[in-house]
Undergrad: 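Right, I'll just put the structure down here and ask away after.
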Amino acid sequence: MTFKSILDEIENNLHKLLDDLSISDVEFSVEVAKPGFGDVSSNISFLLAKKLHKSPKDIAEMLSEQYLKCTSTLVEKAQAHPSGYLNFFANWGKLNQLILSESYLAEFGDVDIGQNTPIVVEHTSVNPNKALHIGHIRNIIIGDVVSRILKKVNYQVNVLNYVDDSGLQVADILVGFQHLGFSLEPSTGKKFDHYCGDDVYVKTTETYETDSSLEEIRKNTLKELEDGNSETAKFADTITRRVLANQLETCWNLSVSYDCLNFESQIIRSGLWNKIFEKLKEMNLIEFEDKEKNAGCWVIRGENKEEDKVIVRSNGTATYIAKDIPYAAWKLGLLEDPFNYEKYDKEQPHSKTLWQTTLNESSHISKNFSGEKVITVIDSRQARLQKIITSLMAKFKSTPDAYIHLGYESVTLSSETAKTLGLNADGKQTQMSGRKGLYVNADSVYDILKEKVKEETCKRHPEMTFSEIEKIAHHVSVGTLRYEMIKQDLDKIITFDLTKSLSLEGDTAPYIQYTHARASRILEKSNRVPSIVVDFSLFTEESEINLIKTIGLFDLKVRDAANNLSPKVIARYCHDLAVAFNSFYEHVKVLELDNKELENSRLCLVNSFKITLEKALELLGIIAPDRM
RNA sequence: GGGCCCAUAGCUCAGCAUGGAUAGAGUGUUGGACUUCUAAUCCAAUGGUCAAGGGAUCGAAGCCCUUUGGGCCCGCCA
């Protein structure tokens, strides 16, 4: 029972009052009130104004009187506001108890939306030819937080990472290794993924400009890549596996994990495309074009004025988007699974098993990573192509919104940061480019942050051991980076600036983590476990009530975040919790009070805050240290 | 030419889905609070024609239309 109980109680009572007035079909709202307007507000009087031919104010007054006869356990009084709103004041003595005792339960904040149905969240999906940069990190963190939220609302979540190991970008670094003399071992001791991206990939694409003979080599390499038995494909496999392993290290370090890796090369070799191609033809979703510019191709007709999209070229090969169709159908469980599964050879943190697909017959393990619903996290530059996939899937599977493209705006570089990378951006923000070497690697950002946090922590706690500081610095830098990637809405471009984006003050993860450290310290110093049997009516301070109220909103926020696939809702909630606690901390003393009963109740509240914040932060994949 | 997205305080953003009260944070600037449960904190001041215009509504930052400015997408590349 949380704050939702009072909302439900009021809603039920208002419905009864409407029944008495023989009014139905009014969809009024019952919401958490704005500060200064009680605890709960309803717009019901505005909606009744027309029906009853009275002013909202009069109706609110009438309803507040009528409300007296309702059975209410959590509402102290209903009050009409001159504006017409109907405001409610909670009986905090009772609500305190409900919220605080609920917050101690393991399942606090759990909401059953998913009813344990399987759902796929696909994210990351970075070409295995380079290290992850800050733009990829946005994708990864959004995907990871969404999957955590969906788990919390009782979906059985399968997290997939699609490894595009046979595309042009991979061919490019192969050309570098095989024809431009790049050594397989970076001489500088660089991580292999950084070496491939920063050196091999950038130099190779640069060389294309001057050496036109490479173009032919590149094409052949790409062709050989698709034939699984070729030497090139085998070589590519060793390279991409090494890069992938490095990319995964970066992800794991940021507390991101997966359930299964899917390889594009295997999807191509599995023959799934032919099956789906036949199905598309049968269902008349694609047409053979016999004239004009797309003559000899299979196309999907554009809706309205949009252009047709070629799916199969006149030479019979499938295009980029076509390769996505069987994979999308596979994710929805619409195709017979051609894969066997094996464990990935390295262990993920928290010993969560990571599986990978294989076409190898010697493995006989079968698994099911498909979902009733699929959410694929891809930046909105791909919106056009994703729309085609989505509408195809809607025709394959009748449930509405079974296949969802969760789009988000990209991360750009501030002109100052672009300048440090050697580009004069003329005061404008710049799109990142792997090809041009214009990006900031995720590992570097983490390293810079960590150094900064270490320095700060050392200053504050000269007594701490090296390993303690190391641990704190890790959690704080991961938190900072993750929070930075999700605190704003998905449709906002993030302009990344090496100095500004790495702030540790204000609306940041360290601000939130710091309040957790404050709470932990109080509990630690109190030297005892607070007894939950307390007098809840002792909470009379505004900052206390406000903190309890905020704690009680947890499940409502989880519901909101899940329904809207909106990670930022939880990020903002964590911030709200921290603000409420800081206000409490500044206004109210907890330890060494004369009134021991009050001290115990406040300790309970601090503990409840700490538990709730930890749970909320867990949804963001952020760990708050006990000291910092 | 067609399509998608954005525009709210000097700067970065909440609020918009589901219209209703006094449009909120952070940051910046200025001033204040550490002998106290950790100052990565708190308090105060400052700062707004919610891009512009029109429409529907008793009522618009929010809904509809138009315009302007900015970003992105539109290959038999991937």
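Quantities reported herein were computed from a predicted structural model and do not represent experimental measurements. Numbered from 1 within each chain, the chains take letters A, B, ... in sequence-line order.
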Undergrad: Holding to ring pair (Phe, Tyr, Trp, His ring centres under 6.0 Å), I want the full list of residues that pass it with A:F89, two or more places apart in sequence or in another chain.
TA: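 If we apply the ring pair (Phe, Tyr, Trp, His ring centres under 6.0 Å) test to A:F89, skipping adjacent residues, there are no hits.
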Undergrad: Using atom P of each nucleotide, how far apart are B:G19 and B:A61 to the nearest Å?
TA: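 To the nearest whole Å, 14 Å.
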Undergrad: Need one value for A:A517: base, sugar-phosphate or nothing, where a base atom within 4.0 Å counts as base even if backbone is also close, heavy atoms only.
TA: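 Base contact.
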Undergrad: Do any side-chain nitrogens or oxygens of A:R313 fall under 4.0 Å of OP1 or OP2 in B:A78?
TA: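 For B:A78, OP1 or OP2 has a side-chain N or O of A:R313 closer than 4.0 Å.
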Undergrad: What's the gap between B:U41 and B:U22 when it is taken at their C1' atoms, as a whole Å value?
TA: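 Taking atom C1' in both B:U41 and B:U22, they lie 28 Å apart.
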Undergrad: Sort out the partner of B:A7 for me: Watson-Crick or G-U wobble, both distances under 3.5 Å, none otherwise.
TA: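 With both distances under 3.5 Å, B:A7 matches B:U68.
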Undergrad: Salt-bridge test for A:R384 and A:E307: reply yes if a basic N is under 4.0 Å from a carboxylate O, no otherwise.
TA: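 Looking at A:E307 together with A:R384, the answer is no, because their closest N to O distance does not fall below 4.0 Å.
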Undergrad: Please work out if A:K589 contacts a base, only the sugar-phosphate, or nothing of the nucleic acid, heavy-atom cut-off 4.0 Å.
TA: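 Base, at least one base atom sits under 4.0 Å.
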Undergrad: Classify the nucleic acid contact of A:Q169 as base, sugar-phosphate or nothing, counting any heavy atom under 4.0 Å across all strands shown.
TA: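 No contact.
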Undergrad: Are A:F46 and the base of B:G59 stacked, counting only ring centres nearer than 5.5 Å and planes tilted under 30°?
TA: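 No.
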Undergrad: Among the candidates B:C5, B:A39, B:A21, find the nucleotide nearest to the side-chain atoms of A:S83.
TA: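 The answer is B:A21.
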Undergrad: Can you give me the N/O atom pairs linking the protein to nucleotides 29-32 of chain B at distances under 3.5 Å, or say none if there are none?
TA:
none

Undergrad: Across the strands shown, which category fits A:I321 at heavy-atom distances under 4.0 angstrom: base, sugar-phosphate, nothing?
TA: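 Touches nothing.
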Undergrad: With a 4.0 Å heavy-atom cut-off, tell me which residues in residues 563-578 of chain A come close to RNA chain B, sorted by residue number.
TA: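 Of all residues in residues 563-578 of chain A, the ones placing a heavy atom under 4.0 Å from RNA chain B are A:N564, A:K568, A:R572, A:H575.
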Undergrad: Among B:C37, B:C42, B:G71, which nucleotide has an atom closest to any side-chain atom of A:V590?
TA: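 For the A:V590 side chain, the nearest candidate turns out to be B:C37.
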Undergrad: Checking all strands, does A:K387 fall into the base, sugar-phosphate, or nothing category for heavy-atom contacts under 4.0 angstrom?
TA: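 Nothing: the residue A:K387, judged by heavy atoms under 4.0 Å, touches no strand.
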Undergrad: Quick one: which of B:C76, B:A14, B:C72 gets closest to the side chain of A:K492?
TA: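 Shortest atom-to-atom distance from the side chain points to B:A14.
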